[in-house]
Amino acid sequence: MTASHPITIGHWINGGLSAPLSDRKQSVFNPATGAVSGEVLLAGRGDVDQAVAAARAAFPRWADTPPIRRARILFRFLELLNQHKDELAHLITAEHGKVFSDAQGEVARGIDIVEFACGAPQLLKGDFSDQVSTGMDNWTLRQPLGVVAGITPFNFPVMVPMWMFPLALATGNTFVLKPSPTDPSASLMMADLLKRAGLPDGVFNVVQGDKEAVDALLEHPDVRALSFVGSTPIANYIYETGARHGKRIQALGGAKNHMVVMPDADLEQAVDALIGAGFGSAGERCMAISVAGLVGDVAERLLPMLIERTKALKIKNGTAADAEMGPIVSAAALARIHGYIGAGVDEGASLLVDGRSFKGADAGPGCDQGFWTGGTLFDHVTPDMRIYKEEIFGPVLGCVRVADLGHAIDLINAHEFGNGVSCFTRDGHVAREFGRRIQIGMVGINVPIPVPMAWQGFGGWKSSLFGDTHAYGEEGVRFYTKQKSIMQRWPESIDKGAEFAMPTAK
(Lines give C-alpha, C1' and ligand atoms only; values in the text may rest on other atoms or scores of the structure.)
Protein backbone atom coordinates (compact mmCIF):
# COMPACT_ATOMS: atom_id res chain seq x y z
CA MET A 1 0.00 0.00 0.00
CA THR A 2 1.10 3.59 -0.50
CA ALA A 3 1.63 6.13 2.23
CA SER A 4 -1.64 7.83 1.26
CA HIS A 5 -3.64 4.62 1.70
CA PRO A 6 -1.99 2.68 4.53
CA ILE A 7 -3.56 -0.50 5.82
CA THR A 8 -4.86 -0.56 9.40
CA ILE A 9 -3.45 -3.21 11.72
CA GLY A 10 -5.74 -3.77 14.67
CA HIS A 11 -6.55 -6.00 17.63
CA TRP A 12 -7.66 -9.64 17.64
CA ILE A 13 -10.09 -10.26 20.49
CA ASN A 14 -12.42 -13.21 21.10
CA GLY A 15 -11.71 -14.90 17.79
CA GLY A 16 -11.65 -11.99 15.34
CA LEU A 17 -10.69 -8.42 14.57
CA SER A 18 -12.09 -6.07 17.18
CA ALA A 19 -13.43 -2.53 16.89
CA PRO A 20 -10.98 -0.31 18.80
CA LEU A 21 -11.98 1.74 21.83
CA SER A 22 -8.91 3.96 21.55
CA ASP A 23 -8.34 6.12 18.47
CA ARG A 24 -4.56 6.36 18.88
CA LYS A 25 -2.45 5.08 15.98
CA GLN A 26 1.19 4.76 14.94
CA SER A 27 2.75 4.48 11.50
CA VAL A 28 4.36 1.24 10.36
CA PHE A 29 7.33 1.60 8.00
CA ASN A 30 9.15 -0.48 5.45
CA PRO A 31 12.70 0.03 6.78
CA ALA A 32 14.28 -0.62 3.39
CA THR A 33 12.46 2.23 1.66
CA GLY A 34 11.37 4.43 4.55
CA ALA A 35 7.79 4.39 3.21
CA VAL A 36 4.75 4.10 5.47
CA SER A 37 3.16 0.70 4.87
CA GLY A 38 0.41 0.80 7.47
CA GLU A 39 -1.08 2.22 10.63
CA VAL A 40 -1.21 0.16 13.79
CA LEU A 41 -3.86 0.83 16.42
CA LEU A 42 -2.57 1.55 19.93
CA ALA A 43 -4.71 -0.05 22.62
CA GLY A 44 -6.04 1.84 25.58
CA ARG A 45 -7.03 0.28 28.86
CA GLY A 46 -10.50 -0.41 27.54
CA ASP A 47 -9.10 -2.51 24.68
CA VAL A 48 -6.90 -4.44 27.09
CA ASP A 49 -9.87 -4.99 29.42
CA GLN A 50 -11.84 -6.48 26.51
CA ALA A 51 -9.01 -8.86 25.59
CA VAL A 52 -8.48 -10.00 29.18
CA ALA A 53 -12.23 -10.46 29.67
CA ALA A 54 -12.41 -12.66 26.56
CA ALA A 55 -9.45 -14.71 27.79
CA ARG A 56 -10.94 -15.03 31.27
CA ALA A 57 -14.29 -16.20 29.89
CA ALA A 58 -12.58 -18.81 27.69
CA PHE A 59 -10.30 -20.13 30.43
CA PRO A 60 -12.52 -22.60 32.36
CA ARG A 61 -13.48 -24.61 29.32
CA TRP A 62 -10.00 -24.50 27.80
CA ALA A 63 -8.33 -25.51 31.08
CA ASP A 64 -10.74 -28.45 31.34
CA THR A 65 -9.99 -29.58 27.77
CA PRO A 66 -7.88 -32.77 27.90
CA PRO A 67 -4.21 -32.05 27.03
CA ILE A 68 -4.35 -34.43 24.07
CA ARG A 69 -7.17 -32.40 22.51
CA ARG A 70 -5.26 -29.17 23.09
CA ALA A 71 -2.25 -30.82 21.45
CA ARG A 72 -4.31 -31.82 18.41
CA ILE A 73 -5.23 -28.18 17.83
CA LEU A 74 -1.55 -27.26 18.09
CA PHE A 75 -0.73 -30.03 15.60
CA ARG A 76 -3.17 -28.46 13.13
CA PHE A 77 -1.63 -25.05 13.84
CA LEU A 78 1.80 -26.57 13.16
CA GLU A 79 0.60 -27.90 9.82
CA LEU A 80 -0.76 -24.47 8.85
CA LEU A 81 2.48 -22.80 9.95
CA ASN A 82 4.48 -25.05 7.67
CA GLN A 83 2.12 -24.28 4.79
CA HIS A 84 2.37 -20.50 5.32
CA LYS A 85 5.86 -20.08 6.76
CA ASP A 86 7.18 -18.10 3.80
CA GLU A 87 4.23 -15.69 4.03
CA LEU A 88 5.14 -15.05 7.66
CA ALA A 89 8.78 -14.56 6.66
CA HIS A 90 7.78 -12.01 4.01
CA LEU A 91 5.80 -10.06 6.63
CA ILE A 92 8.88 -10.00 8.85
CA THR A 93 11.14 -8.72 6.07
CA ALA A 94 8.60 -6.08 5.02
CA GLU A 95 8.23 -4.56 8.51
CA HIS A 96 11.46 -5.44 10.31
CA GLY A 97 13.88 -5.35 7.39
CA LYS A 98 15.92 -8.49 8.09
CA VAL A 99 16.91 -10.48 5.02
CA PHE A 100 14.41 -13.08 3.86
CA SER A 101 16.61 -16.09 4.62
CA ASP A 102 17.04 -14.83 8.19
CA ALA A 103 13.29 -14.31 8.49
CA GLN A 104 12.77 -17.88 7.31
CA GLY A 105 15.15 -19.05 10.02
CA GLU A 106 13.20 -17.08 12.63
CA VAL A 107 9.95 -18.75 11.62
CA ALA A 108 11.62 -22.17 11.65
CA ARG A 109 12.89 -21.68 15.21
CA GLY A 110 9.40 -20.62 16.28
CA ILE A 111 7.96 -23.76 14.70
CA ASP A 112 10.39 -25.79 16.82
CA ILE A 113 8.65 -24.52 19.96
CA VAL A 114 5.21 -25.43 18.59
CA GLU A 115 6.50 -28.94 17.89
CA PHE A 116 7.72 -29.18 21.49
CA ALA A 117 4.41 -27.86 22.84
CA CYS A 118 2.55 -30.58 20.94
CA GLY A 119 4.00 -32.96 23.53
CA ALA A 120 1.75 -31.46 26.24
CA PRO A 121 0.38 -34.82 27.44
CA GLN A 122 3.92 -35.97 28.23
CA LEU A 123 5.07 -32.58 29.54
CA LEU A 124 2.20 -32.38 32.03
CA LYS A 125 2.68 -35.80 33.60
CA GLY A 126 2.92 -35.67 37.38
CA ASP A 127 4.64 -37.91 39.94
CA PHE A 128 3.00 -40.64 42.02
CA SER A 129 4.23 -42.23 45.23
CA ASP A 130 2.43 -45.30 46.49
CA GLN A 131 2.14 -45.97 50.24
CA VAL A 132 3.94 -42.84 51.49
CA SER A 133 2.39 -43.76 54.82
CA THR A 134 0.22 -46.72 55.75
CA GLY A 135 -2.80 -46.66 53.46
CA MET A 136 -1.85 -43.26 52.05
CA ASP A 137 -0.71 -42.25 48.53
CA ASN A 138 0.70 -38.94 47.30
CA TRP A 139 0.84 -37.51 43.82
CA THR A 140 1.50 -34.21 42.08
CA LEU A 141 -0.07 -32.59 39.06
CA ARG A 142 0.48 -29.36 37.16
CA GLN A 143 -2.45 -27.04 36.48
CA PRO A 144 -2.72 -23.84 34.39
CA LEU A 145 -2.52 -20.37 35.94
CA GLY A 146 -5.38 -18.66 34.08
CA VAL A 147 -5.01 -15.61 31.83
CA VAL A 148 -1.34 -15.01 30.94
CA ALA A 149 0.23 -12.37 28.71
CA GLY A 150 3.27 -11.86 26.51
CA ILE A 151 4.99 -8.59 25.61
CA THR A 152 7.35 -9.12 22.70
CA PRO A 153 10.04 -7.08 20.87
CA PHE A 154 10.38 -5.87 17.31
CA ASN A 155 13.41 -7.96 16.40
CA PHE A 156 11.63 -11.36 16.38
CA PRO A 157 7.92 -10.74 15.74
CA VAL A 158 7.23 -14.45 15.15
CA MET A 159 9.82 -16.45 17.07
CA VAL A 160 9.63 -14.68 20.43
CA PRO A 161 5.82 -14.83 20.69
CA MET A 162 6.19 -18.53 19.91
CA TRP A 163 8.58 -18.84 22.85
CA MET A 164 5.50 -18.04 24.91
CA PHE A 165 2.01 -18.78 23.63
CA PRO A 166 2.37 -22.39 22.35
CA LEU A 167 3.41 -23.64 25.80
CA ALA A 168 0.94 -21.36 27.56
CA LEU A 169 -1.90 -22.74 25.44
CA ALA A 170 -0.70 -26.35 25.61
CA THR A 171 -0.70 -26.20 29.41
CA GLY A 172 -4.28 -24.91 29.52
CA ASN A 173 -3.88 -21.14 29.91
CA THR A 174 -5.49 -18.45 27.80
CA PHE A 175 -3.25 -15.79 26.31
CA VAL A 176 -3.06 -12.08 25.50
CA LEU A 177 -0.19 -11.04 23.20
CA LYS A 178 1.05 -7.45 23.05
CA PRO A 179 3.52 -7.38 20.11
CA SER A 180 5.79 -4.53 19.12
CA PRO A 181 3.96 -1.79 17.20
CA THR A 182 6.99 -1.57 14.89
CA ASP A 183 6.16 -4.82 13.07
CA PRO A 184 2.69 -5.94 14.19
CA SER A 185 1.27 -7.73 11.15
CA ALA A 186 2.67 -11.19 11.92
CA SER A 187 0.73 -11.31 15.18
CA LEU A 188 -2.59 -11.15 13.34
CA MET A 189 -1.55 -13.83 10.87
CA MET A 190 -0.63 -16.16 13.74
CA ALA A 191 -3.99 -15.42 15.38
CA ASP A 192 -5.82 -16.26 12.16
CA LEU A 193 -3.90 -19.53 11.76
CA LEU A 194 -4.75 -20.52 15.33
CA LYS A 195 -8.44 -19.91 14.66
CA ARG A 196 -8.26 -21.93 11.45
CA ALA A 197 -6.61 -24.72 13.47
CA GLY A 198 -9.71 -24.87 15.67
CA LEU A 199 -8.62 -22.86 18.70
CA PRO A 200 -11.75 -21.72 20.58
CA ASP A 201 -12.54 -18.00 20.54
CA GLY A 202 -10.99 -16.03 23.37
CA VAL A 203 -8.16 -18.48 24.07
CA PHE A 204 -5.65 -16.35 22.09
CA ASN A 205 -5.97 -12.57 21.79
CA VAL A 206 -3.80 -9.76 20.43
CA VAL A 207 -3.74 -6.14 21.57
CA GLN A 208 -1.50 -3.83 19.60
CA GLY A 209 -0.04 -0.98 21.57
CA ASP A 210 2.65 0.83 23.51
CA LYS A 211 3.37 1.55 27.18
CA GLU A 212 -0.29 2.21 27.96
CA ALA A 213 -1.19 -1.34 26.96
CA VAL A 214 1.84 -2.73 28.82
CA ASP A 215 0.86 -0.98 32.04
CA ALA A 216 -2.74 -2.09 31.67
CA LEU A 217 -1.61 -5.73 31.44
CA LEU A 218 0.81 -5.36 34.36
CA GLU A 219 -1.87 -3.87 36.58
CA HIS A 220 -4.84 -6.00 35.50
CA PRO A 221 -5.97 -8.22 38.38
CA ASP A 222 -7.05 -11.05 36.05
CA VAL A 223 -3.61 -11.45 34.39
CA ARG A 224 -1.83 -14.11 36.42
CA ALA A 225 1.58 -14.17 34.69
CA LEU A 226 3.49 -12.18 32.11
CA SER A 227 6.44 -12.95 29.85
CA PHE A 228 8.62 -10.21 28.36
CA VAL A 229 11.62 -9.91 26.04
CA GLY A 230 13.32 -6.56 25.47
CA SER A 231 15.87 -4.16 26.92
CA THR A 232 17.17 -4.47 30.47
CA PRO A 233 15.67 -1.21 31.81
CA ILE A 234 12.21 -2.22 30.59
CA ALA A 235 12.69 -5.83 31.76
CA ASN A 236 13.50 -4.52 35.23
CA TYR A 237 10.42 -2.27 35.13
CA ILE A 238 8.22 -5.17 33.99
CA TYR A 239 9.58 -7.42 36.73
CA GLU A 240 9.21 -4.93 39.57
CA THR A 241 5.80 -3.63 38.49
CA GLY A 242 4.36 -7.05 37.77
CA ALA A 243 5.65 -8.52 41.02
CA ARG A 244 4.17 -5.60 42.94
CA HIS A 245 0.80 -6.49 41.42
CA GLY A 246 1.14 -10.13 42.44
CA LYS A 247 2.02 -11.61 39.06
CA ARG A 248 4.46 -14.31 38.08
CA ILE A 249 7.03 -12.58 35.83
CA GLN A 250 9.57 -13.84 33.34
CA ALA A 251 11.46 -10.84 31.88
CA LEU A 252 14.40 -11.32 29.52
CA GLY A 253 16.60 -8.25 29.15
CA GLY A 254 19.59 -6.98 27.20
CA ALA A 255 22.99 -8.37 26.36
CA LYS A 256 26.58 -7.66 25.50
CA ASN A 257 27.73 -10.93 24.03
CA HIS A 258 31.44 -11.69 23.71
CA MET A 259 33.20 -14.11 21.40
CA VAL A 260 36.65 -15.12 22.61
CA VAL A 261 39.10 -16.10 19.87
CA MET A 262 42.03 -18.14 21.14
CA PRO A 263 45.39 -18.15 19.31
CA ASP A 264 44.86 -21.77 18.22
CA ALA A 265 41.41 -21.13 16.69
CA ASP A 266 40.67 -21.74 13.02
CA LEU A 267 40.75 -18.11 11.91
CA GLU A 268 38.64 -18.60 8.79
CA GLN A 269 35.91 -20.14 10.92
CA ALA A 270 36.28 -17.43 13.57
CA VAL A 271 35.94 -14.64 10.99
CA ASP A 272 32.90 -16.33 9.44
CA ALA A 273 31.37 -16.55 12.91
CA LEU A 274 32.08 -12.91 13.80
CA ILE A 275 30.70 -11.62 10.52
CA GLY A 276 27.51 -13.67 10.72
CA ALA A 277 26.88 -13.25 14.44
CA GLY A 278 27.91 -9.59 14.56
CA PHE A 279 26.19 -8.29 11.44
CA GLY A 280 23.39 -10.79 10.79
CA SER A 281 19.96 -9.19 11.27
CA ALA A 282 21.88 -5.87 11.35
CA GLY A 283 23.02 -6.76 14.88
CA GLU A 284 19.43 -6.42 16.14
CA ARG A 285 19.50 -9.65 18.14
CA CYS A 286 19.85 -10.18 21.86
CA MET A 287 22.28 -12.98 20.97
CA ALA A 288 24.35 -10.95 18.48
CA ILE A 289 28.10 -10.93 19.06
CA SER A 290 29.06 -7.32 19.75
CA VAL A 291 32.50 -7.85 21.36
CA ALA A 292 35.40 -9.92 20.02
CA GLY A 293 37.87 -10.84 22.76
CA LEU A 294 41.12 -11.38 20.89
CA VAL A 295 43.61 -13.38 22.95
CA GLY A 296 47.37 -13.06 22.69
CA ASP A 297 48.69 -12.44 19.20
CA VAL A 298 45.52 -13.50 17.38
CA ALA A 299 44.46 -9.88 16.75
CA GLU A 300 47.29 -9.19 14.30
CA ARG A 301 46.39 -12.24 12.26
CA LEU A 302 42.62 -11.97 12.44
CA LEU A 303 41.91 -8.24 12.04
CA PRO A 304 43.05 -7.87 8.40
CA MET A 305 40.67 -10.69 7.47
CA LEU A 306 37.86 -9.18 9.55
CA ILE A 307 38.31 -5.72 8.01
CA GLU A 308 38.13 -7.14 4.50
CA ARG A 309 35.00 -9.16 5.22
CA THR A 310 33.25 -6.27 6.98
CA LYS A 311 33.84 -4.01 4.00
CA ALA A 312 32.56 -6.72 1.64
CA LEU A 313 29.20 -7.24 3.38
CA LYS A 314 26.32 -7.47 0.90
CA ILE A 315 23.97 -4.86 2.34
CA LYS A 316 20.74 -4.85 0.39
CA ASN A 317 16.97 -4.83 0.59
CA GLY A 318 16.10 -7.98 2.52
CA THR A 319 14.10 -9.25 -0.44
CA ALA A 320 17.29 -9.62 -2.52
CA ALA A 321 18.32 -13.27 -2.71
CA ASP A 322 22.00 -12.56 -2.03
CA ALA A 323 21.50 -10.00 0.76
CA GLU A 324 23.57 -10.62 3.90
CA MET A 325 22.40 -7.61 5.91
CA GLY A 326 19.31 -5.44 5.59
CA PRO A 327 18.36 -2.02 6.99
CA ILE A 328 17.98 -0.86 10.57
CA VAL A 329 14.43 -1.19 11.85
CA SER A 330 13.67 2.54 12.29
CA ALA A 331 15.05 6.03 11.87
CA ALA A 332 15.31 6.42 15.65
CA ALA A 333 17.30 3.18 15.98
CA LEU A 334 19.60 4.28 13.17
CA ALA A 335 20.28 7.61 14.88
CA ARG A 336 21.03 5.81 18.16
CA ILE A 337 23.51 3.45 16.49
CA HIS A 338 25.31 6.29 14.72
CA GLY A 339 25.47 8.12 18.04
CA TYR A 340 27.27 5.16 19.60
CA ILE A 341 29.77 5.06 16.73
CA GLY A 342 30.55 8.72 17.31
CA ALA A 343 30.94 8.07 21.04
CA GLY A 344 33.37 5.25 20.35
CA VAL A 345 35.55 7.55 18.26
CA ASP A 346 35.39 10.29 20.91
CA GLU A 347 36.44 7.86 23.63
CA GLY A 348 39.54 6.74 21.72
CA ALA A 349 38.63 3.41 20.08
CA SER A 350 40.23 2.79 16.68
CA LEU A 351 37.56 2.95 13.96
CA LEU A 352 38.65 0.39 11.36
CA VAL A 353 35.44 0.32 9.27
CA ASP A 354 32.86 3.10 9.51
CA GLY A 355 29.35 1.90 8.60
CA ARG A 356 28.01 5.45 8.60
CA SER A 357 29.42 5.95 5.12
CA PHE A 358 27.01 3.43 3.59
CA LYS A 359 24.31 5.03 1.42
CA GLY A 360 20.84 3.59 0.99
CA ALA A 361 20.95 4.12 -2.75
CA ASP A 362 23.61 1.38 -2.88
CA ALA A 363 21.19 -1.11 -1.28
CA GLY A 364 18.93 -1.27 -4.32
CA PRO A 365 16.20 0.58 -6.21
CA GLY A 366 13.95 2.71 -4.00
CA CYS A 367 16.14 2.36 -0.92
CA ASP A 368 17.64 5.85 -0.82
CA GLN A 369 15.17 6.96 1.90
CA GLY A 370 15.50 3.79 3.99
CA PHE A 371 17.19 3.35 7.36
CA TRP A 372 20.62 2.20 6.29
CA THR A 373 24.06 1.79 7.77
CA GLY A 374 26.98 -0.51 7.05
CA GLY A 375 28.95 -2.82 9.31
CA THR A 376 31.17 -0.95 11.76
CA LEU A 377 34.36 -2.38 13.25
CA PHE A 378 36.35 -0.97 16.19
CA ASP A 379 39.72 -2.05 17.60
CA HIS A 380 41.35 -1.19 20.94
CA VAL A 381 38.03 -1.02 22.73
CA THR A 382 38.42 -0.84 26.51
CA PRO A 383 35.98 -1.76 29.32
CA ASP A 384 35.44 1.88 30.35
CA MET A 385 33.98 2.87 26.97
CA ARG A 386 30.24 3.20 26.37
CA ILE A 387 30.47 1.05 23.24
CA TYR A 388 31.74 -1.74 25.48
CA LYS A 389 29.48 -1.26 28.49
CA GLU A 390 26.14 -0.60 26.78
CA GLU A 391 24.01 -2.62 24.38
CA ILE A 392 24.11 -0.92 20.96
CA PHE A 393 21.70 -3.29 19.21
CA GLY A 394 23.15 -2.62 15.79
CA PRO A 395 25.89 -3.79 13.42
CA VAL A 396 28.81 -2.53 15.52
CA LEU A 397 31.56 -4.98 16.50
CA GLY A 398 34.19 -3.93 19.03
CA CYS A 399 37.51 -5.76 19.46
CA VAL A 400 39.09 -6.00 22.91
CA ARG A 401 42.64 -7.33 23.20
CA VAL A 402 43.36 -9.61 26.17
CA ALA A 403 46.54 -11.38 27.26
CA ASP A 404 45.21 -14.87 27.97
CA LEU A 405 42.14 -16.99 28.68
CA GLY A 406 42.04 -16.02 32.36
CA HIS A 407 41.92 -12.33 31.54
CA ALA A 408 39.21 -12.98 28.93
CA ILE A 409 37.05 -14.84 31.46
CA ASP A 410 37.55 -12.15 34.12
CA LEU A 411 36.62 -9.44 31.60
CA ILE A 412 33.39 -11.16 30.60
CA ASN A 413 32.41 -12.12 34.14
CA ALA A 414 32.78 -8.50 35.26
CA HIS A 415 30.25 -7.27 32.70
CA GLU A 416 26.73 -6.28 33.73
CA PHE A 417 25.09 -8.60 31.21
CA GLY A 418 25.19 -12.38 31.11
CA ASN A 419 23.17 -13.51 28.12
CA GLY A 420 25.36 -15.36 25.61
CA VAL A 421 29.06 -16.00 25.01
CA SER A 422 31.25 -18.02 22.68
CA CYS A 423 34.81 -19.31 22.59
CA PHE A 424 36.62 -20.44 19.46
CA THR A 425 39.45 -22.86 20.16
CA ARG A 426 40.86 -26.28 19.21
CA ASP A 427 41.93 -27.00 22.80
CA GLY A 428 39.57 -29.25 24.77
CA HIS A 429 40.97 -28.14 28.13
CA VAL A 430 40.44 -24.47 27.23
CA ALA A 431 36.89 -25.25 26.12
CA ARG A 432 36.11 -27.10 29.35
CA GLU A 433 37.57 -24.41 31.60
CA PHE A 434 35.78 -21.68 29.66
CA GLY A 435 32.43 -23.45 29.89
CA ARG A 436 32.77 -24.07 33.64
CA ARG A 437 34.15 -20.70 34.75
CA ILE A 438 32.18 -18.27 32.61
CA GLN A 439 29.26 -16.56 34.38
CA ILE A 440 26.90 -16.48 31.40
CA GLY A 441 23.60 -18.25 30.82
CA MET A 442 24.19 -19.57 27.28
CA VAL A 443 27.64 -20.71 26.14
CA GLY A 444 28.92 -21.75 22.74
CA ILE A 445 32.17 -23.60 22.01
CA ASN A 446 32.93 -22.89 18.35
CA VAL A 447 29.23 -21.94 18.12
CA PRO A 448 28.80 -18.16 17.79
CA ILE A 449 25.07 -17.90 18.60
CA PRO A 450 24.30 -20.66 21.15
CA VAL A 451 20.51 -20.32 21.19
CA PRO A 452 19.20 -23.50 22.89
CA MET A 453 16.79 -25.75 21.07
CA ALA A 454 13.09 -25.91 21.91
CA TRP A 455 13.41 -28.57 24.60
CA GLN A 456 16.33 -26.90 26.45
CA GLY A 457 15.17 -23.38 27.37
CA PHE A 458 16.48 -19.86 26.68
CA GLY A 459 17.75 -17.38 29.26
CA GLY A 460 20.75 -15.43 30.48
CA TRP A 461 22.14 -14.49 33.87
CA LYS A 462 22.74 -11.23 35.74
CA SER A 463 21.01 -8.21 34.16
CA SER A 464 19.90 -10.30 31.18
CA LEU A 465 17.11 -12.08 33.08
CA PHE A 466 14.64 -10.94 35.72
CA GLY A 467 12.71 -13.85 37.18
CA ASP A 468 13.43 -17.42 38.15
CA THR A 469 12.72 -19.41 34.99
CA HIS A 470 14.02 -19.41 31.45
CA ALA A 471 11.82 -19.24 28.37
CA TYR A 472 10.36 -22.36 26.72
CA GLY A 473 11.61 -25.90 27.33
CA GLU A 474 10.67 -27.63 30.58
CA GLU A 475 11.20 -24.38 32.51
CA GLY A 476 8.56 -22.80 30.29
CA VAL A 477 6.13 -25.55 31.26
CA ARG A 478 6.84 -24.85 34.95
CA PHE A 479 6.40 -21.10 34.43
CA TYR A 480 2.92 -21.49 32.93
CA THR A 481 1.71 -24.03 35.49
CA LYS A 482 1.41 -24.42 39.25
CA GLN A 483 2.13 -27.66 41.03
CA LYS A 484 -0.50 -29.26 43.22
CA SER A 485 0.22 -32.08 45.67
CA ILE A 486 -2.60 -34.47 46.62
CA MET A 487 -2.42 -36.91 49.54
CA GLN A 488 -5.17 -39.49 49.77
CA ARG A 489 -6.34 -42.31 51.99
CA TRP A 490 -9.63 -44.13 52.46
CA PRO A 491 -11.72 -44.63 55.63
CA GLU A 492 -10.65 -48.22 56.13
CA SER A 493 -7.04 -47.05 56.57
CA ILE A 494 -7.72 -44.33 59.15
CA ASP A 495 -7.13 -45.07 62.83
CA LYS A 496 -9.80 -43.98 65.26
CA GLY A 497 -9.21 -40.87 67.31
CA ALA A 498 -7.99 -37.34 66.62
CA GLU A 499 -4.37 -36.86 65.54
CA PHE A 500 -2.76 -33.82 67.20
CA ALA A 501 0.87 -34.40 66.18
CA MET A 502 2.42 -33.45 62.87
CA PRO A 503 1.65 -36.29 60.40
CA THR A 504 4.61 -38.58 59.77
CA ALA A 505 5.21 -41.65 57.68
CA LYS A 506 4.00 -44.69 59.60
Side-chain angles (χ1 to χ4, degrees), residues 232 254-263 265 267 270-271 273-280 282-311 313 325 336-358 373-424 434 438-440 444 448-449 462-464:
T232 285
K256 197 70 179 180
N257 306 312
H258 296 63
M259 180 175 136
V260 173
V261 184
M262 297 298 294
L267 295 192
V271 170
L274 286 168
I275 289 293
F279 302 128
E284 294 173 327
R285 296 170 174 158
C286 66
M287 289 295 286
I289 294 296
S290 54
V291 179
L294 307 181
V295 177
D297 66 350
V298 77
E300 304 305 328
R301 294 181 284 130
L302 180 139
L303 279 172
M305 303 163 62
L306 195 55
I307 292 169
E308 180 182 358
R309 290 287 300 279
T310 302
K311 290 180 176 179
L313 275 171
M325 189 176 104
R336 188 194 70 247
I337 292 164
H338 284 179
Y340 272 111
I341 297 170
V345 173
D346 293 342
E347 291 181 318
S350 301
L351 185 58
L352 305 181
V353 182
D354 187 351
R356 295 173 297 181
S357 63
F358 184 83
T373 191
T376 291
L377 181 64
F378 280 105
D379 189 17
H380 298 293
V381 175
T382 58
D384 59 315
M385 295 178 180
R386 284 184 62 207
I387 60 169
Y388 177 79
K389 293 187 291 184
E390 300 176 15
E391 184 176 35
I392 299 173
F393 222 64
V396 180
L397 179 62
C399 296
V400 179
R401 301 187 183 215
V402 290
D404 53 36
L405 177 65
H407 283 90
I409 291 174
D410 290 343
L411 179 80
I412 296 166
N413 286 349
H415 204 285
E416 172 191 3
F417 297 115
N419 208 47
V421 71
S422 179
C423 179
F424 270 62
F434 184 84
I438 207 72
Q439 299 297 305
I440 304 293
I449 302 181
K462 300 186 280 190
S463 292
S464 294

> State the OG-CE distance between Ser422 and Met287, to the nearest 0.5 angstrom.
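Result: 9.0 Å between the selected atoms.
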
> Hey, does Thr310 have a side-chain heavy atom less than 4.5 Å from the side chain of Thr376?
no

> Could you tell me the separation between the CG atom of Asp379 and the CG atom of Leu306, rounded to the nearest 0.5 Å?
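The CG atom of Asp379 sits 9.5 Å away from the CG atom of Leu306.
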
> Of the non-hydrogen atoms in Ser463 and Thr232, which two are nearest, and what is the gap between them?
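Closest heavy-atom pair between Ser463 and Thr232: O-OG1, 2.7 Å.
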
> Is the backbone of Gln439 close enough, under 3.5 Å, to the side chain of Asn413 for a donor and an acceptor to pair up by distance?
yes

> Return the NE2 to CD1 distance between His415 and Ile412, rounded to the nearest 0.5 Å.
10.0 Å

> Rounded at 0.5 Å granularity, tell me how far CG in Asn257 sits from CD1 in Ile449.
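Interatomic distance, Asn257 CG to Ile449 CD1, rounded to 0.5 Å: 8.5 Å.
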
> Determine the sole option in Leu352, Val396, Asp354, Leu397 for which the side chain to side chain contact (heavy atoms under 4.5 Å, CB included) test with Phe378 is passed.
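So the option named by the test is Val396.
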
> Which heavy atom of Pro383 sits nearest a heavy atom of Lys389, and at what distance?
O-CG, 3.2 Å

> Nearest 0.5 Å, what's the OH-CD distance between Tyr340 and Glu347?
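Those atoms lie 10.5 Å apart.
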
> Please find the pair of heavy atoms, one from Met385 and one from Ala349, that lie closest to each other, and give the distance.
CE-N, 3.6 Å

> Please tell me if the side chains of Lys256 and Ile392 come closer than 4.5 Å, counting only heavy atoms from C-beta onward.
yes

> Looking at His380 and Ser350, what are the two nearest heavy atoms and their distance?
CD2-OG, 3.4 Å

> Are side-chain N/O atoms of His407 and Asp404 paired as donor and acceptor at under 3.5 Å?
yes

> Report yes if some heavy atom in the side chain of Leu303 is under 4.5 Å from a heavy atom in the side chain of Cys399; otherwise report no.
yes

> Less than 4.5 Å apart, side chain to side chain, heavy atoms only: is that true for Pro448 and Phe424?
yes

> Would you name the heavy atoms of Thr373 and Pro395 that are closest together and state the gap between them?
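For Thr373 versus Pro395, the nearest heavy atoms are CG2-CG, 3.7 Å.
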
> Using the benzene-type ring in the case of Trp, are the ring centres of His258 and Tyr388 under 6.0 Å apart?
yes

> Without swapping roles, check the side chain of Glu391 against the backbone of Ala255 for a donor-acceptor pair under 3.5 Å.
yes

> Could you check if a side-chain atom of Ile438 sits within less than 4.5 angstrom of a side-chain atom of Val260, using non-hydrogen atoms only?
no

> Do side-chain atoms of Ser464 reach the backbone of Phe417 as a donor and acceptor pair under 3.5 angstrom?
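Not confirmed, Ser464 side chain does not pair with Phe417 backbone.
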
> Going by atom type alone, with no hydrogens or angles, which donor-acceptor pairs under 3.5 Å involve a side-chain atom of residues 293-300 and a protein atom two or more places apart or on another chain?
| from | atom 1 | to | atom 2 | distance (Å) |
| --- | --- | --- | --- | --- |
| Asp297 | OD1 | Arg301 | NH2 | 3.3 |
| Glu300 | OE2 | Arg401 | NH1 | 2.4 |

> Let me confirm one number: the CG-CG distance from Leu274 to Leu267, rounded to the nearest 0.5 Å.
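Rounded to the nearest 0.5 Å, the CG-CG separation comes to 10.0 Å.
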
> Apply side chain to side chain contact (heavy atoms under 4.5 Å, CB included) to the pair Ile341 and Ile387, showing each step before the final yes or no.
CA-CA 8 Å; Ile341 297 170; Ile387 60 169; over 6 Å; no

> Compare every heavy atom of Ala343 with every heavy atom of Arg386, then report the nearest pair and how far apart it is.
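Heavy atoms only, the tightest pair is NH1-CB, 3.9 Å.
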
> Check for a donor-acceptor pair, side chain of Lys462 on one end and backbone N or O of Ile440 on the other, with a separation under 3.5 Å.
no

> Counting only heavy atoms not in Glu308 (residues, nucleotides, ligands), do more than 12 fall under 6.0 Å from its CD?
no

